[in-house]
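We number each residue from 1, following the sequence as shown.
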Amino acid sequence: MEEEQKNEVELTIDKPLVEEPATDENPEAKETLKETIQKIKESAREEDPKPSSQLNLRTILGGDLLTTEMVRSQIWLFILVVGFAIAYVAFRYQCQQDMLTIDRLENELRDAKYRALSSSSMLTEKCRESHVLEVLKQNRDSLLHQADQPPYIIEIEN
């Protein structure tokens, strides 16, 4: 099949591109034309690998897919898309970790507030005058007792 294509290319190249005059009056033009045809034949003989029309697992795993011109020309786009995908996954993972940390810290803060409220209420209860008097009555060795006389103000002159 490739030989047929080569023959077709050679046949089309062998045909003159410009009609040559029948006379030999212009030998330079003939020489230039022959050189041009020779260069075209040389460039046409360079064979590029024909991309396969069928896409299967073997071509993908074998790396044949990466050798196509379309993939080669768009490699930077593929790298950019892969970079964005990696960044997206990494940022999402980091966001989930931050959310878990925030939930844990909020629970700790709520527990600390409840402990502080409980401690404050217990301290308020123990500091009440009635509770202090009760504790003093239970401990008879204390010299502290409730005053019988009301307090009075001592005035000192300067």
Please list, one pair per line, the donor and acceptor atoms closer than 3.5 Å that link side chains of residues 73-83 to other protein atoms, with sequence neighbours excluded.
| from | atom 1 | to | atom 2 | distance (Å) |
| --- | --- | --- | --- | --- |
| Ser73 | OG | Glu69 | O | 3.2 |
| Ser73 | OG | Met70 | O | 2.9 |

Checklist entry - Which pairs, with at least one residue in residues 101-123 and sequence neighbours excluded, count as a side chain to side chain donor-acceptor pair (under 3.5 Å)? => result Arg104-Glu108, Asn107-Arg110
Donor-acceptor pairs are to be reported for all side-chain atoms of residues 88-98 against protein atoms at under 3.5 Å, with residues two or more places apart or in another chain.
| from | atom 1 | to | atom 2 | distance (Å) |
| --- | --- | --- | --- | --- |
| Tyr93 | OH | Gln97 | NE2 | 3.4 |
| Gln94 | NE2 | Asp98 | OD1 | 3.2 |

Output side-chain donor-acceptor pairs under 3.5 Å for residues 147-158, partner residues at least two apart or in another chain, one line each.
none

Checklist entry - Can you list every salt bridge (charged side-chain N to carboxylate O under 4.0 Å, His left out) pair that touches residues 119-138, not counting sequence neighbours? => result none
Checklist entry - Quick one: side-chain contact (heavy atoms from CB on, under 4.5 Å) partners of Val135, sequence neighbours excluded? => result His131, Asn139
Item to check | Atom of Thr32, atom of Thr36 and distance for their closest heavy-atom approach | outcome: O-OG1, 2.7 Å
